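Each remark here refers to the structure printed beneath this line.
Reckoned from all heavy atoms, side chains included, excluding hydrogens, waters and symmetry mates. Every chain is numbered from 1 and lettered A, B, ... according to where its sequence line falls, protein lines coming before strand lines. Predicted model, so just to flag it, every value in this text is computed and none were measured.
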Amino acid sequence: MCCNTFKFAVLISGKTMSYHFNEIEAKWQKYWADNQTFKAENNSHKPKYYVLDMFPYPSGAGLHVGHPLGYIASDIYARYKRHKGFNVLHPQGYDSFGLPAEQYAIQTGQHPAITTETNIKTYRRQLDQIGFSFDWSREVRTSNPDYYKWTQWIFIQLFESYYCNDANEARPISELTSVFEIEGNSSINAACDDDVVLFSSEDWKDFSTEEQQDILLKYRLTYLAETEVNWCPALGTVLANDEIVNGVSERGGHPVVRKKMTQWSMRISAYAERLLQGLDTIDWTDSLKESQRNWIGKSVGAAVTFNINDHDEVIEVFTTRPDTIFGVSFMTLAPEHELVTKITTEAQRGTVQAYVEATAKRSERDRMADVKTISGAFTGAYAEHPFTKEPIPIWIGDYVLAGYGTGAVMSVPCGDQRDYDFAKHFKIPIPNIFDGVDISEEAFADKDKTVIANSDFLTGMNYKKATKRVIYELERLGQGKGKTNYRLRDAVFSRQRYWGEPFPVYYVNSKPQMIDQQHLPIVLPEVEKYLPTEEGEPPLGRADVWAWCTESNSVVSNDKINHTTVFPLELNTMPGWAGSSWYFFRYMEEAAHRDDAFATEDALKYWENVDLYIGGSEHATGHLLYARFWVKFLKDRGFVGVDEPFKKLINQGMILGTSAFGYFVFYSIIDRATKNVILNKKPLFISKEDYNQTLTGNEELIIDVVKSYIDKNLLSKIEKEELHLMTPMSSTYIPVEYVNASDELDIEAFKNWRPEFKDAEFILEDGVYKVGREVEKMSKSKYNVVNPDAICDQYGADSLRLYEMFLGPLEQAKPWNTAGITGVHGFLKKLWKLYVDDNGIRVNDAEASKDNLKTLHKTIKKVEEDIENFSFNTSVSTFMIAVNELTQQKCTSTSILEPLLILISPYAPHIAEELWSCLGNNESISTASFPIFEAKHLVESSKNYPISFNGKMRFTLELPLDMSKDDIEKTVMAHEKTIAQLEGRTPKKIIVVPGKIVNIVG
RNA sequence: GCUGAAGUGGUGGAAUUGGUAGACACGUUGGACUUAAAAUCCAAUGUCCGUUUAGGACGUACGGGUUCAAGUCCCGUCUUCAGUACCA
C-alpha cells in the first residue's frame, strides 16, 4: 500500500477541513480489507496472543447496540496487543446452526441454510461498519459441512474412547477390548454405566458380537441410553425444562409427558473432578468459577448399604454425614426408585401406588418449586441398621430425587431439616444423637460444632473423627465405603431437530456403527418439511436419501435399505453446543490448510489456547463447561496440547434499553342540547406527573387537566357529566427514535406511527411533550432497540466505539442513552482540531514543552494500566483530559501528537489512521509500537498539600516535595489560615504524611 | 434459602495501597456568536444555611465500630441484580 493516495487525504476530503467521519471510516475499512492488515500469521518471531469473542448466532433481527460491546472491548485489546509487539489472532465467525432458522423454515418453508446465509450477510455488513480488526480469512460457520465434518470426527473419537479412572484420562476403546479378552473386566476401573456386570475373559469370548457391542457402549464416552425426557406429542418434540410452564408447553400450551427415549449422551461426569480442579488454573471471575463449581456439585461422604428384611435386594444410599448413622430412624426412597414395587407390602400397596401415580403427574420443576408441602407413603417394608440391626421403616417421598445419588436416603431427622420435617409430619421418632443440642424445634445441621452422642462406638467423637471411624467400620462389614458424589449429570446429545449436525452413525440390528472418518462429512439431507414425522420421528425421518451403503461408502436412497449392505442412518442431530465446543481450535488453522485436520499440529502448537475470551455470562454452565470437557478429552487422546481452552475470561455486562412512554386518556364530549357526540374517544396525552398522581388516587385531577385543555367555547357548552373519560388511563411505548436527547417527542412522527394515535393531542409543557423513561432489557417489543447502523451514520463508528466503552465498566449492566453520545463525538471533533485547522495540518516539529510531555506521559501510564485492567471507560476519560489539556497548551509538536494517536487508535482506529497518515506515515498505525512511558516527565517538585483539621480538609498549601516532615509542620503551623482555624487552641497531635496530607487534631 | 456482584449528585459513572468525595461526560441554567436555528465557545451546577465578599453545616443504602483520617477496613441490617435450588 502506498502512502501517496492518503497523504493529503484531509485536503481532498473536504473544503472545510472538518471531521468527515463517514468518508474517513469507509476509506480505512476498505484499506484494512484490501491490505489484509489484520491477517494473523502462523509463523512469526513475535509472541502470540489469541483474543476471542463468543461467536454470534446470526439471528434475523440483526445487531443492536448491545451486541458489539464485547467485540469492541476485545478489539481494543487485540489492537493494543499488536502495538505491544504481539502476533495477534483475533478471528470471528458464526454459530450458525440453531432453532430460530428452523422455526422460520417450519413457518415459511424457506431452507434454514438460505435464512442463515442472509442473516450472516447482514451481520457481516454491520460488523464491518464498526471497524473491527478481525482476521476474516479464518472465519468459521458451524453449519458448513467443511466445519461440521470435524464435529462429526470428534464425535467418533469420543465413541472410540473410554475413561480410565486409574490413569485419570480417556483411552482408546481398543485397549479395553484387549483387557477383556485376557482377563475380563474385573480389574477395570473406568467410568461406565451403573449396570455393568462382572465377566471373565471366557465370558467375553462367549458373548455374541452384539452382546460385546452392548457392553462396550456402557464404557464409551458417548453412548446410547434410555433417557427420560419431556415429550410433547402435539409438537412431536422434546422440550427443555424452561420450555414447560405449568405442565404444558410454553409454545401452544400442549400437554407434556415424561417419556423414555433412546438418545446419545456424553459421559461428561467422568471428567467432573478434572473440570473442578482445572478451575484453579484459569483466570476467570470468581462468580463464574463458583457457578461451575455449584454445577459440578462435588460432595464427599459415604455409600452405605442397607439390607432389607425378608428381601434379597439391598438399598444403597449416599450420605455426606455417615457419622450420624445412629440417628437414622427411617429410610426414604424416591417414588421412581426401582425397588418400590418389589418391597411394598400388600397392606400398603394401594397407598403407595396412588402416591407414585400422583407424583408422576407432576413435572420435576413443579416438584422442586413446591418445597413446603410434605408428602410421602410408607411401604410397609423395613431395612436393617448395619450396626444395631434394628428394623428401619422404609418410606417413599418426593423430596428424594431419583436423579441424584442413588435415589434413596438414610433419613436422620435430628441432623437434616427435610428429614426432620418429614418425620414430624408422619410422626416418626426423632432420636437425638448430638450432645447438648436442643432439637425440639428444628434439626441441627452444623457438623463442626458438636459431639456425637448415643452412638455406640462413635459416642464422644467430633464429626471428622466419627466419619473416619464409621467408614472404616462399614468397610469392615462390607456395608459401605467412602464415596464422592457429583451433581453433574451426563449430557444428552441428541436433538429431534433438522438444523444441526447429523451424526456419522448408522444402525445394524439396532446397534450403532460409526462411519469411517475418511467418508466424512455426512451432509445434512434435504427434506420437504422441517417438522417431525407423523410417527413422531425427528425431521430427518422425512429424508428420502438417508441410508448408508457400506459398499459404496455413501449416503443412498432409503429404498435401498436391505440391512445387509445398506442400513438406516441416525435421525437425530447434534445439539447447539456441539459446534461451539471446539471452534476456537478451528480458527488457529488458516483456511488453506483446513482439509486434512481440524487444525494442523503446528497451528495448535503455535496458538495453544485462547488468551482472552470475552462473552456473556449466560454460558457459564453450558458452552463454557462443555468446551472445557471436549478440550480435556482431545488433550487426553493427543489431538491438542492444552488442558483448558480459555486462559482468561471476561463477561461483558448487558446493555439495557431506555424505553420511552407516553401517558394518555381517551375522552368524549356530548353536546348538552342536541345530545350529539361532538368528540368521540379522542386520545389526549398528559404528563407523567399527572398520570402518576391519578394512579395514586387523585382522579379529580385528570378531569381538571382535560378540561383545562379543551377549548373555552366548547367547554362552556358542556357540563361535567358530558365529558366522558375512558378509564383506566393508559401508557404506551413510544419508539425511542421519535424522542430526542431531552426526552422531547417528535409528535408528528409519533402520530404517523399507529392509526389509533393519528389524531392524538398533547398537553405541552413549554411547547413540548416530554416522555417518561424506564430502563429495561433491549427488545423489539419494547420499542427501545437502538441500531448501530443509525449511530454509525449519524456519529460514526469511532463515536460508537468510544461511547460503548465510556458508558461504564465492561462487566457491569448499564443503560444505553443515545443522548450521551454527543460527549464522545464532541471529543473526536476536538481531537481533530488539535491536528487540523482551517489551513490544514497544524502539527509541526516544534519542541515539546514540559507540560506537553507531562500530559502525554500521564496519559500513556493511565491508558496502559486501564487496558491491562479492562477498565476501558476510564481511559476514554483520560483521552478527553489529555486532549483538553493539549488544546489549552496549544500543543503542535509531532513528538507529542504522534504517540497520542497510537494511544487512541485501539479505541478510535479510523480517525487515528487518518491523522496518522496525514502526519506523513506510510504504514497503518496498527504497525506502530505503543509509546513507552517515562516516569521522569511526571516528577514533581512540589505538592498541593490538603491541610485538614480533625480529618476535614480546610485549605490547600503548595509545598516543595523534598521538604522535611518537621519543616512541613512548622510551615503549616505558621500559616495564617491555620491560626485562624485553631482560634487559639493548641493542637493535640499533628499528622504529617509527606507527599500526601497534613492533619491537625485538636 | 444458598452463592456471587452491587448500592456514590437530576443521569452514566470516577476516586489503584485508608489520605482533598463527585474526575470525565450527559442533562439543566445563564451568557457570547447568529435575522433565526444548528454548530461552536465561555461560565455555573451535590444538598442546605449565609452572602457584597467570606464562610459554615450535612453528604457515598441504613445502624454501629476501628483510625489522626473510612466510599474504601470490621460487625450487623436493608435493598437491587445475576446464578442456583428439596443435592441427602
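Partners of A:Lys298 according to the salt bridge (charged side-chain N to carboxylate O under 4.0 Å, His left out) rule, which considers only residues two or more places apart in sequence or in another chain, are A:Glu273. The salt bridge (charged side-chain N to carboxylate O under 4.0 Å, His left out) test applied to A:Arg293 returns A:Asp280, A:Glu290, not counting sequence neighbours. Contacts of A:Lys858 classified as side-chain hydrogen bond (donor to acceptor under 3.5 Å, both in side chains), with partners at least two apart in sequence or in another chain: A:Glu885. Every residue meeting the side-chain contact (heavy atoms from CB on, under 4.5 Å) condition with A:Glu748, not counting sequence neighbours, appears here in chain and number order: A:Asp746, A:Lys751. Shown here are the side-chain contact (heavy atoms from CB on, under 4.5 Å) partners of A:Ala423, two or more places apart in sequence or in another chain: A:Phe330, A:Pro413, A:Ile428, A:Ile430. A:Pro987 is linked by a side-chain contact (heavy atoms from CB on, under 4.5 Å) to A:Met973, A:Leu982, A:Ile990, A:Ile1000, counting only residues two or more places apart in sequence or in another chain. With sequence neighbours excluded, the residues that form a side-chain contact (heavy atoms from CB on, under 4.5 Å) with A:Lys829 are A:Tyr19, A:His825. With sequence neighbours excluded, the residues forming a side-chain hydrogen bond (donor to acceptor under 3.5 Å, both in side chains) with A:Lys830 are A:Asn884, listed by chain and number.
Rounding to whole angstrom units, CH2 of residue A:Trp832 and C1' of B:A39 are separated by 18 Å. In this entry the distance linking NZ of A:Lys862 with P of B:A14 reads 10 Å, nearest Å. In this structure, A:Glu864 places its CD atom 15 Å from C1' of B:U16, rounding to the nearest Å. In this structure, A:Phe306 places its CZ atom 16 Å from P of B:A88, rounding to the nearest Å. Following rounding to the nearest Å, A:Arg321 (CZ) and B:C87 (P) show an atom-to-atom distance of 14 Å. Residue A:Leu488 contributes atom CG, which lies 14 Å from atom P of B:U84 at whole-angstrom precision. Rounding to whole angstrom units, CG of residue A:Asp866 and P of B:A14 are separated by 11 Å. Atom CD of A:Glu969 and atom C1' of B:C68 are 13 Å apart (whole Å).
The side chain of A:Glu290 lies closest to B:U3, out of B:C24, B:U3, B:U84. Counting only heavy atoms from C-beta on, A:Arg487 has its side chain closest to B:C87 among B:G83, B:C87, B:A25. Nearest to the side-chain atoms of A:Tyr404 among the listed nucleotides B:C26, B:A88, B:A14 stands B:A88. With B:A15, B:C24, B:C26 as the candidates, the nucleotide lying closest to the side chain of A:Thr874 is B:A15. Distances from the side chain of A:Arg418 to the nucleotides B:U84, B:A25, B:A88 place B:A88 closest.
B:A25: Watson-Crick or G-U partner is B:U11, with both key distances under 3.5 Å. Using N1 to N3 plus N6-O4 or O6-N4 for Watson-Crick, or N1-O2 and O6-N3 for G-U wobble, each under 3.5 Å, B:G76 pairs with B:C62. With a cut-off of 3.5 Å on both pairing distances, the Watson-Crick or G-U wobble partner of B:G4 is B:C81. Across the strands present, B:G71 finds no partner; the criterion is a Watson-Crick or G-U wobble pair with both atom distances under 3.5 angstrom. B:U52 is unpaired under the criterion used here, namely a Watson-Crick or G-U wobble arrangement in which both key atom distances are under 3.5 Å.
Nucleotides B:U16 and B:U53 place their P atoms 36 Å apart, quoted to the nearest Å. A distance of about 12 Å separates the C1' atoms of B:U51 and B:G56, rounded to the whole Å. Here the separation of B:C68 from B:U79, taken at their C1' atoms, is 34 Å to the nearest Å. Spacing of P atoms, B:U47 relative to B:U11, comes out at 11 Å, to the nearest Å. Of the P atoms belonging to B:A5 and B:A23, the separation is 28 Å, rounded to the nearest Å. For the C1' atoms, the distance from B:A69 to B:G18 is 8 Å, rounded to whole Å. For B:U8 and B:U60, the P atoms lie 11 Å apart once the distance is rounded to whole Å. Spacing of P atoms, B:C24 relative to B:U80, comes out at 34 Å, to the nearest Å.
RNA chain B is contacted by A:Ile991, A:Val993, A:Lys996, A:Ile997, A:Asn999 of residues 990-1000 of chain A, taking any non-hydrogen atom closer than 4.0 Å.
The residues A:Glu865 and A:Lys861 are annotated as salt-bridged, a charged nitrogen and a carboxylate oxygen being separated by less than 4.0 angstrom. Under the 4.0 Å criterion applied to side-chain N and carboxylate O atoms, A:Asp966 and A:Lys970 are not assigned as salt-bridge partners.
Taking only side-chain nitrogens and oxygens, A:Lys952 comes nearer than 4.0 Å to OP1 or OP2 of B:C58. Residue A:Ser299 has a polar side-chain atom (N or O) positioned under 4.0 Å from OP1 or OP2 of B:A88.
A donor-acceptor pair under 3.5 Å is formed between the side chain of A:Asn651 and the backbone N or O of A:Gly615. Under the 3.5 Å distance criterion, the side-chain polar atoms of A:Glu316 are left unmatched by any main-chain donor or acceptor of A:Phe306.
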Quick one: which protein N/O atoms are closer than 3.5 Å to N/O atoms of nucleotides 6-13 of chain B? Pair and distance per line, please.
from, atom 1, to, atom 2, distance (Å)
B:G12, O2', A:Leu807, O, 2.5
B:G13, OP1, A:Gln812, NE2, 2.6
B:G13, O3', A:Asn873, ND2, 3.4

Give every pair of a protein N or O atom and an N or O atom of nucleotides 28-31 of chain B that lie under 3.5 Å apart, one pair per line with the distance.
from, atom 1, to, atom 2, distance (Å)
B:U28, OP1, A:Ser742, OG, 3.1

Pick out the pairs of N or O atoms, protein on one side and nucleotides 54-56 of chain B on the other, that lie under 3.5 Å.
from, atom 1, to, atom 2, distance (Å)
B:G56, OP1, A:Gln981, NE2, 3.4

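Within 4.0 Å (heavy atoms only), A:Thr822 reaches sugar-phosphate atoms of the nucleic acid but no base atom. Backbone-only engagement by A:Asn884 is indicated by non-hydrogen atom pairs under 4.0 Å involving sugar-phosphate atoms exclusively. Residue-level contact check: A:Ser287 touches the backbone only, with heavy atoms under 4.0 Å from sugar-phosphate atoms and none from bases.
Two residues, A:Thr956 and A:Leu288, neighbour RNA chain B, and the one matched to the more 5' nucleotide by heavy-atom proximity is A:Leu288. Residue whose closest nucleotide on RNA chain B sits further toward the 5' end, between A:Asn294 and A:Thr878: A:Asn294.
Checked against a 6.0 Å centroid threshold, the rings of A:Phe21 and A:Trp832 do not count as neighbours.
In this model, no donor atom of one side chain and acceptor atom of the other lie less than 3.5 Å apart for A:Thr621 and A:Gln292. Between the side chains of A:Glu776 and A:Ser659, a donor-acceptor pair is found at a separation under 3.5 Å. Looking at A:Tyr399 and A:Thr332, their side chains do bring a donor and an acceptor atom within 3.5 Å of each other.
By the 6.0 Å and 45° rule, A:Arg489 does not stack over the aromatic ring of A:Trp295.
An anti base is found at B:G10: its glycosidic angle is more than 90° from 0.
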